[in-house]
Each structure stands twice: as structure tokens, then as C-alpha cells.
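I have placed the structure first, in the form of C-alpha cells, so that the comments after it can refer back to it.
For ligands, and for the atoms within them, numbers begin at 1 and follow the listed sequence. Side-chain atoms are counted along with the backbone in the values below, which use heavy atoms only and exclude waters and symmetry mates. Sequential numbering from 1 along the given sequence is applied to the chain's residues.
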Amino acid sequence: MKNNLNLNVDKNFNWEVIQKELRHQFGNEIYESWLKKIVFEEKFTNYILVSVSTRFIRDWIVSRYLDQILGIIKKLNREIIRIEFKIENKVDKKGNEIQLNSNSKISFIKDSFLQYNRIDQNKSFENFVIGQSNKLAFEAAKKVSENISHYNPFYIYSGVGMGKTHLLNSIGLKLKEYKKVTFISAERFMYQFVKSIKSNEMVKFKDNFRNTDVLIIDDIQFMNGKEAMQEEFFHTFNSLIDKGSQVILSADRPPSKLIKIQERIKSRFSGGLVVDIQSPENDLRLKILKTKLDELNILYSEKLKLSDEILSFISSEIRNSVRELVGALNRVASFSRIYNKAPTLNEIKIILKDLLNINETKITIDNIQTLVCKYFKISKNEMLSSRRSRYLVRPRQVAIYLSKILTTKSLPEIGREFSNRDHTTVIHSVKTIEKLKCDNDELSNGINYLKNQILYKKENEI
Ligand code: ADP
Ligand code: MG
């Protein structure tokens with residue numbers, strides 16, 4: 001499904017260069033097993049759309065590599081702030097194309113690469129967890145989907161990752177049972193508009209939108225098109241409302257705060273019901289975590305069990321959005337898949353380090369050396385000396401080991417910070433500690449304690 005239209009193609013965006021960099025940074029093995037499978041689809045103003053063949057691959061990549069991949073892309077293209085995945089499982093075991101939604105009433109402007117916006121069967125009212133912060137939006141959405149509301153348009157707003165798309169999707173899922181639903185992002189709407197003008201298909205474009213019973217537009221804040229487009233949008237909008245079609249919109253802010261959108265459009269948006277979703281409260285976060293954990297266990301037949309202590313740790317630390325919460329849980333699930341066990345609280349802190357709100361202090365080798373010396377009650381001079389007494393060797397090896405696992409420094413770089421020791425000494429130290437740790441509880445506890453100290457600088461943590 002390649003986009004042959006050159007409309008949005010950015011000459012500066014080169015997926016091959018990114019792939020090379022991915023291979024370079026992640027190494028051949030990870031690249032060949034996972035990252036190579038990512039197919040670049042399209043670049044938008046501030047995000048790119050890629051596809052992979054299964055949900056599992058997507059989750060795996062998202063939970064383990066996404067931050068780093070985004071970092072690489074951002075270095076080359078600063079405007080990209082997110083990566084969207086679609087699942088391209090269009091081929092069955094015999095290699096035949098599967099006709100998706102062939103008898104569904106959802107209309108997607110006849111353009112195959114629109115399909116990523118297809119209504120997601122997995123985001124319904126049934127699995128939307130309700131709490132104080134989202135109850136109003138949920139109930140209103142439900143009413144809209146039962147077609148008993150006179151909320152037209154219906155407008156939901158909130159910060160990112162709070163469940164807007166989930167609710168919009170739930171409404172679409174419900175209404176498509178008996179109505180013609182069009183579900184599109186504002187960016188896509190603009191893209192279609194421009195494309196239709198260029199290919200002289202404006203009539204088709206208009207028909208497409210004006211013939212729908214339910215028009216759902218996600219992320220309307222990204223609609224910042226030229227006058228002509230806004231004009232068209234305004235008329236489409238009015239004609240839909242006039243003939244009693246339901247219009248549903250989402251944005252990251254209330255209508256009045258939208259920028260680059262005509263005043264008269266904003267005022268039309270405010271004309272129906274406007275609801276917001278607030279930041280999820282602690283109870284809701286915990287409830288979502290538990291629900292998602294059950295879902296994971298059913299969906300992937302996982303047997304991941306997390307203690308109440310861990311669940312409440314995650315839900316109390318990850319407060320920003322539901323998306324982050326779900327992302328955190330996916331990471332934990334990947335960890336348990338690899339190591340075949342549920343992580344301990346300590347391990348959770350390491351896996352989720354970048355998501356936790358704990359004040360991060362930059363981890364330096366110097367800092368590691370200081371804390372390890374303090375713990376073993378030796379001086380830094382002793383640690384860095386060439387003396388090989390046992391009471392110095394072990395702490396030195398521990399410090400080297402921690403430098404390796406907690407910083408991104410290379411082996412030679414670590415060696416240099418330990419009085420120019422050779423990189424083979426670094427490897428030897430890391431291997432020795434890894435081995436000793438397994439059957440020496442005292443050492444293993446000490447290392448965990450030190451890890452905590454280094455990562456969080458909190459004396460009282462386990
Ligand atoms: P938004 O559109 O506001 O950025 P999304 O709807 O994409 O947020 O939500 C982000 C993720 O969190 C999705 O995976 C969604 O299914 C999930 N999610 C958000 N709110 C809830 C909720 N109340 N219950 C269950 N899942 C939720
Ligand atoms: Mg969204």
C-alpha cells in the first residue's frame with residue numbers, strides 16, 4: 001500500500017537513512033528481528049505513519065524501542081513528535097488479501113491508505129474504564145451513541161492520551177451498526193481536501209462527507225488549512241447539522257482556544273455540547289492498570305501477575321496520561337516475557353525510569369564511584385589505585401558493573417574513568433559481578449541498594 005501521490009512527500013525525509021541509523025544504534029540482531037519489519041508509509045506535518053504486520057510486533061517495538069527510534073528520527077527531522085503505527089495484517093496464511101470490513105457501513109474515502117483510521121474493534125465503551133475525571137465525557141458519548149442526544153455537534157477535549165480517540169472510536173463502533181459513519185483525523189481531512197483539489201475530484205470529496213450520517217473528526221486542533229479549505233469545511237459542517245447528521249469532534253483544547261480556525265467555525269463548535277476529560281485521578285489510574293493487565297493476560301495468554309504494591313507504585317508514579325500508563329504496563333509485560341518472571345519493584349523502577357516523576361539526577365561514573373566507595377567504606381583513591389587487595393577489587397568491580405548497566409558509556413570509556421584500565425578488565429568485572437550476584441544474596445542486595453541510590457538518591461527505598 002504505497003502512496004504514489006507526491007503531495008505530502010518531503011524530500012528531506014529519507015527512511016533509508018533512518019533505517020541505517022537504526023541498524024547502527026540498535027545493532028544487527030535487534031534490527032533484523034524487529035526494526036527491519038517497520039514499513040514507512042507516510043510523513044505528515046509532525047508525525048509519521050508506519051506499518052507493521054501484527055499487533056504483537058507493534059507492541060513489542062513500542063514498548064521497547066519507540067523512545068529511541070523517535071529520538072533518531074527527531075535528530076534528522078526536528079518537527080516529528082510522534083510515530084503512528086498501523087497494523088498491516090491484510091494477508092492471510094495463504095497469501096490472499098483479506099477484505100476488511102467489506103460489509104461494514106463505515107465509509108472511508110476511497111483511498112486505501114486511509115484504512116489506518118479504521119474504527120478499532122478494541123476500543124469500545126465496554127473497555128473504557130470510568131472514574132470521576134472522565135465520567136461526564138463517557139456518559140455524554142454514550143448518549144450520542146444511543147442517538148438520543150441532541151448534542152450536535154458533540155465536542156470532547158483534553159490533553160493527550162486521556163481517552164478522546166477511544167471515546168470517539170466507541171461512538172463510531174456503536175453507531176456504525178446502523179448508520180453510515182465517517183471517522184477521520186483533521187490532518188487527514190486536510191490532506192484529502194488538498195488531494196481532491198489537485199486531482200479535480202472536489203465533487204466526490206464533498207459528496208463523500210455530505211452523505212454521511214455521522215462525521216467524526218479527531219484532533220481538530222490540527223486543522224489549520226487555508227481559507228478555501230475552511231470555507232469548504234464550514235459548508236460541509238453546516239449542511240450535515242442541517243440535515244440532522246451527527247458531528248463529533250475532539251481536540252486538545254476548548255473551541256475558543258483553537259488557533260488558525262475561523263471564528264464562525266469555532267462558534268459552531270461551541271453550539272452543541274462541549275465536555276472535557278480531566279487528568280485521571282489515582283483511583284482511576286489503578287483501575288485502568290488492573291483492567292489492562294487482565295486484558296493483556298487474556299489477549300496474549302500471558303500470565304503476568306503484579307503485586308498490589310507494584311500496581312499502586314505504577315499508578316501513583318505515572319500520572320500524566322492514560323497512554324503513558326498503558327505504555328508502562330506494556331514495557332513491564334515485555335520484561336516479564338523476556339525474563340520469564342514478574343519484575344520486582346526495583347526492576348520496575350529501572351524499566352520505567354524515564355517515565356517516573358522522580359527527580360532525575362544525571363548519572364555519571366564519578367557519582368557511581370562516590371556512592372560505591374561510601375557503601376564499601378573505601379576511599380576513591382583506593383578504588384582508582386592499581387592495588388589488587390580483595391577488599392578493593394570487589395567494590396571496584398561493582399562500580400564498573402554499575403557504570404556499564406546504568407550509563408550509556410562504552411567499555412573503553414568506562415575503562416578510562418577507572419584509571420585507564422583496559423576494556424577487557426571492564427568486561428571481566430561485569431562478568432564476575434553478574435556471576436557472583438546470582439548466588440551471593442548479600443552482594444545482590446547491596447547492588448540493588450546502590451542502584452536505587454544512584455537512580456533515585458533516596459535513602460529509604462528498598
Ligand atoms: P487521546 O486521544 O486523548 O490522546 P487515546 O484515546 O488515544 O487518548 O488514549 C490513549 C490510550 O489509553 C489508548 O490506548 C486508550 O485505549 C487508553 N485509554 C484512555 N482512557 C482510557 C480509559 N478510561 N479506559 C481504558 N483505556 C483508556
Ligand atoms: Mg487521540
Quiz item: Do E42 and R188 meet the salt-bridge criterion of a basic N to acidic O distance under 4.0 Å?
Solution: yes
With a 6.0 Å cut-off (strictly less than), is the heavy-atom count around NZ of K341, excluding the residue itself, greater than 12?
yes
Quick look: N134 vs ligand 1, heavy-atom contacts under 4.0 Å, and the answer is side chain
If we number the atoms of ligand 1 from 1 as shown, the ones under 4.0 Å from a heavy atom of K292 are 16 (O), 25 (C), 26 (N)
Looking at K86 and E84, is there a salt bridge between them, counting it only when a charged N and a carboxylate O are closer than 4.0 Å?
no
- Query: Does L284 reach ligand 1 with a nitrogen or oxygen that is under 3.5 Å from one of the ligand's nitrogen or oxygen atoms?
  - Reply: no
Heavy-atom closest pair (I310 atom, T344 atom, distance to 0.1 Å) is CD1-C, 3.9 Å
The option among G131, G163, P280 carrying the non-hydrogen atom nearest to atom 8 (O) of ligand 1 is G163
Check: E227/Q262 side-chain N/O donor and acceptor closer than 3.5 Å
yes
Quick note on ligand 1: atoms under 4.0 Å from a heavy atom of K123 include exactly 13 (C), 14 (O), 16 (O)
N or O pair under 3.5 Å between V326 and ligand 1 = no
Ion pair E347/K451, N-O distance below 4.0 Å:
no
(request) Please check if the side chain of Q192 supplies one atom and the backbone of F189 the other of a donor-acceptor pair under 3.5 Å. (result) no
Closest heavy-atom approach to atom 25 (C) of ligand 1 among D120, I288, N127 is made by N127
Of H166, K164, R285, the residue with the heavy atom nearest atom 16 (O) of ligand 1 is H166
### Message
Pairs of nitrogen or oxygen atoms closer than 3.5 Å, one from M162 and one from ligand 1: do any exist?
### Response
yes
Taking 2.8 Å as the strict upper bound, the Mg ion (ligand 2) has protein N, O or S neighbours numbering 1
Notebook entry, point to check: Does NZ or CZ of R264 come closer than 6.0 Å to the centre of the six-membered ring of F234, within 45° of the ring's axis?
Noted result: yes
Taking only non-hydrogen atoms of V160 and a 4.0 Å limit, the atoms of ligand 1 in range are 4 (O)
With a 3.5 Å cut-off and no angle check, do the side chains of S267 and E263 form a donor-acceptor pair? no
Contacts satisfying salt bridge (Lys or Arg N to Asp or Glu O under 4.0 Å) that involve residues 16-28 (not counting sequence neighbours) are R23-E32
Among non-hydrogen protein atoms, atom 4 (O) of ligand 1 lies closest to G161 N, 2.6 Å
Parallel, tilted or perpendicular: which fits the ring planes of F125 and F138, with parallel below 30° and perpendicular above 60°? perpendicular
